[in-house]
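Reviewing the structure listed below.
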Amino acid sequence: MEELFERFPSKEVFDTFFQMNYKPMAYEDVKEAMEALVADAGLDIFYEDYAKSGKVSKADFKDHLSQAARFQFEDAMTEAYYEKNPDVYEAAFGLYELDPARSGGITRTFHEKYQESYEALLDELFDHMIAPLL
């Protein structure tokens, strides 16, 4: 596995690989899994006091997801991300497993894009599933 650091010695090299191989995430990639979670739990995906306040909004709903809901949404996202981008995912996590401190600078783009996609997909989930429940 040490050959991963030989293959990706810098952020620039990894970023080139990422740009050439990354397939953007779309709501359709996570729709079934995420919508099933909301269909099963309804507004129980939030911390209790937030949902009861009646002030559930798109602007801040992500800050009030329960820990269980957050983990389930992240699992759905991670599975879809891996299915769509196995080479990129395996390279980034292979580097991380070898040396977490050293890999962080190299794979920053991967993590930033993952987080950006996750946030955008949660926003779409709000529009499709949560807003109608309010």
Side-chain angles (χ1 to χ4, degrees):
M1 281 290 258
E2 187 63 35
E3 68 271 0
L4 277 174
F5 279 109
E6 292 172 14
R7 187 172 167 208
F8 305 109
S10 69
K11 180 180 182 319
E12 293 74 25
V13 172
F14 185 86
D15 284 355
T16 299
F17 166 78
F18 184 88
Q19 295 301 324
M20 291 175 57
N21 293 284
Y22 176 74
K23 296 175 190 93
M25 298 296 297
Y27 184 68
E28 291 72 32
D29 297 323
V30 296
K31 179 182 188 326
E32 185 177 324
M34 287 187 165
E35 287 187 3
L37 294 169
V38 175
D40 289 344
L43 293 180
D44 289 338
I45 62 171
F46 298 112
Y47 291 119
E48 188 175 315
D49 59 336
Y50 179 69
K52 284 185 178 179
S53 75
K55 297 180 183 177
V56 175
S57 73
K58 187 173 183 177
D60 70 354
F61 85 97
K62 291 178 267 187
D63 295 333
H64 299 281
L65 289 172
S66 70
Q67 188 173 24
R70 184 173 305 282
F71 286 149
Q72 289 177 315
F73 290 141
E74 288 172 357
D75 285 348
M77 171 69 178
T78 298
E79 186 175 315
Y81 200 92
Y82 178 80
E83 285 179 18
K84 198 159 192 177
N85 295 287
D87 295 337
V88 173
Y89 191 93
E90 287 179 8
F93 276 89
L95 290 165
Y96 178 79
E97 287 176 353
L98 286 172
D99 189 339
R102 185 171 154 200
S103 68
I106 295 172
T107 61
R108 183 177 319 124
T109 299
F110 168 85
H111 297 291
E112 289 171 352
K113 183 56 77 174
Y114 177 95
Q115 192 61 38
E116 177 185 303
S117 296
Y118 177 67
E119 298 290 327
L121 295 173
L122 282 179
D123 284 340
E124 287 193 56
L125 176 69
F126 184 91
D127 293 339
H128 293 275
M129 288 294 292
I130 298 169
L133 295 174
L134 302 175

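If you read the sequence from its start, that first residue is 1, and numbering goes on from there.
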Q) When clusters are formed by joining ILVMFWY residues with side-chain heavy atoms under 4.5 Å apart, either directly or through shared neighbours, do V88 and L98 land in the same one? A) yes
**Q.** Residue that, paired with M34, satisfies side-chain contact (heavy atoms from CB on, under 4.5 Å) out of E124, M77, M129
**A.** M77
Q | Close side-chain approach of L121 to Y81, heavy-atom, < 4.5 Å | A | no
Q.
Between D29 and E83, is there a side-chain heavy-atom distance shorter than 4.5 Å?
A. no
(Q) Do Y22 and T109 make a side-chain contact, defined as non-hydrogen atoms from C-beta onward lying under 4.5 Å apart? (A) no
Q. To the nearest 0.5 Å, what is the distance between CG (L95) and CZ (F93)?
A. 11.0 Å
Q.
Tell me if the CD atom of E119 is crowded by more than 12 foreign heavy atoms within 6.0 Å.
A. yes
Q: Please round to the nearest 0.5 Å and tell me the distance separating atom CZ of F14 and atom CG of L4.
A: 9.5 Å
**Q.** Shortest non-hydrogen contact from D15 toward I106
**A.** OD1-O, 4.4 Å
Q) Would I45 and F61 satisfy side-chain contact (heavy atoms from CB on, under 4.5 Å), going step by step from the backbone distance to the final call? A) CA-CA 10 Å; I45 62 171; F61 85 97; 5.7 Å; no
Q.
Minimum heavy-atom separation for F18 and F110, please, with both atom names.
A. CE1-CA, 3.7 Å
Q. What are the two closest non-hydrogen atoms of D63 and Y47, and how far apart are they?
A. O-CE1, 4.5 Å
Q) Do L122 and L65 come within less than 4.5 Å of each other through their side chains, counting heavy atoms only? A) yes
Q | K62 and D123 ion-paired at < 4.0 Å | A | yes
Q. Can you list the steps and then say if Y82 with E90 is a side-chain hydrogen bond (donor to acceptor under 3.5 Å, both in side chains)?
A. CA-CA 8 Å; Y82 178 80; E90 287 179 8; 2.3 Å; yes
Q) How close do S66 and D44 get, heavy atom to heavy atom, and via which atoms? A) OG-O, 4.3 Å
Q: Before giving the answer on side-chain hydrogen bond (donor to acceptor under 3.5 Å, both in side chains), spell out for Y118 and T78 the whole-Å C-alpha distance, their side-chain angles and the decisive distance to 0.1 Å.
A: CA-CA 9 Å; Y118 177 67; T78 298; over 6 Å; no
Q. Is it true that K31 and E28 have a side-chain N and a carboxylate O under 4.0 angstrom from each other?
A. no
Q) Would you say the side chain of E3 lies within less than 4.5 Å of the side chain of R7, judging by non-hydrogen atoms? A) no
Q | For K58, salt bridge (charged side-chain N to carboxylate O under 4.0 Å, His left out) partners two or more places apart | A | D127
Q.
Just by distance, no angles: are the side chains of D60 and Y50 close enough, under 3.5 Å, to form a donor-acceptor pair?
A. yes
(Q) With rounding to the nearest 0.5 angstrom, report the OG1 to NZ distance, T16 to K11. (A) 9.5 Å
Q) Which atom names give the shortest non-hydrogen contact between Y96 and S103, and what distance separates them? A) CA-OG, 3.2 Å
Q. Less than 4.5 Å apart, any side-chain heavy atom of L125 and any of L37?
A. no
Q. What heavy-atom pair brings F126 and P132 nearest, and what distance separates the two atoms?
A. O-CD, 4.2 Å
Q | Spacing of Y27 atom OH and E32 atom CD [to the nearest 0.5 Å] | A | 11.0 Å
